Amino acid sequence: MQTQTRILHEGDDRSAQHGAVNPPVYYASTFVFPTVQAYYEAGADPFQHYFYSRDRNPTVRALEDKLAALEGAEGCICSASGMGAITAAIFAAVKAGDHALVVDTCYGPTRRFMERMLAGLGVQTTYYPPDATDLGPWLQPNTRLVYLESPGSLSFHIQDFPALTAQARRHGAVTIADNSWATPLFLQPHRLGVDIVVHSGTKYIAGHSDLLLGVLTTGGEHLRRAREVSVMLGATLGPAEAYLALRGLRTLPVRMAQHQASGLAVARWLQAHPKVRRVLHPGLPDFPGHALAQTQFSGWSSLFSVELQASLSPEQRHRFVESLKLFSIGVSWGGYESLIIPIESHDPVVAAARARVGLNNDCYRLCIGLEDTGDLIADLAQALDGYQVEG
Ligand SMILES: Cc1ncc(COP(=O)(O)O)c(C=O)c1O
């Protein structure tokens, strides 16, 4: 069955919902039973029966079934945010005394979690470069986790998943990959050997900037453990968010096709502009990781960075961003609307990542939304016209 069809039909059981075409929003904290025996039976396995919504809820379950199928995984656990999925996956993989290897270009709050939470609990972290294909120099006897994210945050470095996951497996380490950028439509990390895939479903999967969603997919013992940890942490997704995410998910393939086309069109236009120094977009043929990406990805999403000429003051750079009319200034991405943020150096995590990949101060992260591409390019053109040293 093709992906578009699976998204629409996987896991649906309309006969169990009186023929209603969409799954109902099951607003229920708890589920009740006709007998004590039935109550005990359900409570003995709350992930298979409906018992308490922190463990399992039918609306959330409908979303989880579709996402597991899309990632090619045995099971899926949805959380209240991407960080809920990331922290559950990491807590499920390590214990005190273990060592974690994390890619240097990971999402900033993931790094903060390793440093501010896990270090204090006895898990030491080393950061490895995103272009490493041999983890040998960084692996330690007690390395139990290898964390991947490709493309990397801000720099969009592409990682060699098959090489890295094979090495981690030989070493007895669990691999976790953040797949938010590509979505399961454009990259399926389990097929490249990744044990646990996590997403900020807040982004393209939900797609409308109206909810937070974490997604974790895996199988076997990893699934059992991740479910246990996720329920203990309590960052459970509510049924209303699950319903909205299901609604967004139905149009993921059509939205991603448009995001891909618009993202590439804007990136190519920027690349040809005389005031642009570099465009960091893995889908551009001259991007350093493009050839490797082509062996793993089947498409490109619309989040990328652009570097201008570094000749302006911070105030002038801010004025450039503020002069855009269709790009709003804000974090997050993957929604219907175009967004921009300056990538500046006051955050040490950002500063370190920028220094390693040689980004200058005049760098911006763009997410290309679903507006008309010509309108977006015209907006960038007028803002770049005004981008100049004054007087
Ligand atoms: C790559 C990446 N992973 C994870 C997250 C965290 O997701 P959430 O904001 O849903 O907690 C984000 C959020 O921006 C992200 O960009």
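Note that ligands are numbered from 1 as they come in the structure, with each ligand's atoms numbered from 1 the same way. Just so we're clear, the structure is a prediction, and the values are computed from it rather than from any experiment.
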- Task: Find all atoms of ligand 1 within a distance of less than 4.0 Å from any non-hydrogen atom belonging to Glu149, and give their numbers and elements.
- Result: 1 (C)

- Considering residues at least two apart in sequence or located in another chain, which fulfil the salt bridge (Lys or Arg N to Asp or Glu O under 4.0 Å) criterion with Lys275? none

- Message: Would you say CZ of Arg247 has more than 12 non-hydrogen atoms from neighbouring residues, nucleotides or ligands within 6.0 angstrom?
- Response: no

- Mind checking whether Tyr364 and Phe320 have parallel, tilted or perpendicular rings, split at 30° and 60°? perpendicular

- Using the test salt bridge (Lys or Arg N to Asp or Glu O under 4.0 Å), find all partners of Arg227 that sit at least two apart in sequence or belong to another chain. none

- Any Gly214 heavy atom less than 4.0 Å from ligand 1: no

- Query: Under 4.0 Å between a Lys/Arg side-chain N and an Asp/Glu carboxylate O for Arg319 and Glu322?
  - Reply: no

- Message: Within 45 degrees of the ring normal and closer than 6.0 Å to the centroid, is that where the cationic atom of Arg111 sits relative to Tyr127?
- Response: yes

- Side chain, backbone, both or neither: which part of Val198 comes within less than 4.0 Å of ligand 1 when only heavy atoms are counted? neither

- Query: Please state which protein non-hydrogen atom is closest to atom 9 (O) of ligand 1 and give its distance, to 0.1 Å?
  - Reply: Lys203 NZ, 3.7 Å

- Flag Ser332 as yes when one of its N or O atoms lies below 3.5 Å from any N or O atom of ligand 1, and as no otherwise. no

- Message: Could you tell me, atom by atom, which parts of ligand 1 come under 4.0 Å of a heavy atom of Ile86?
- Response: 4 (C)

- Query: For Asp178 and ligand 1, does the shortest N/O to N/O distance drop below 3.5 Å?
  - Reply: yes

- Relative to the ring of Tyr336, is the ring of His208 parallel (under 30°), tilted (30 to 60°) or perpendicular (over 60°)? tilted

- Task: Distance to 0.1 Å, residue and atom name: give those for the protein heavy atom nearest to atom 10 (O) of ligand 1.
- Result: Thr202 OG1, 2.6 Å

- Record the part of Trp181 in heavy-atom contact with ligand 1 below 4.0 Å; permitted values are side chain, backbone, both and neither. neither

- Item | Test of proximity, Gly82 against ligand 1: N or O pairs below 3.5 Å | yes

- Under 3.5 Å between some N or O of ligand 1 and some N or O of Leu212? no

- Can you tell me the protein heavy atom closest to atom 5 (C) of ligand 1 and the distance? Tyr107 CE2, 3.2 Å

- Short side-chain donor-acceptor distance under 3.5 Å, Asn22 and Arg250: yes

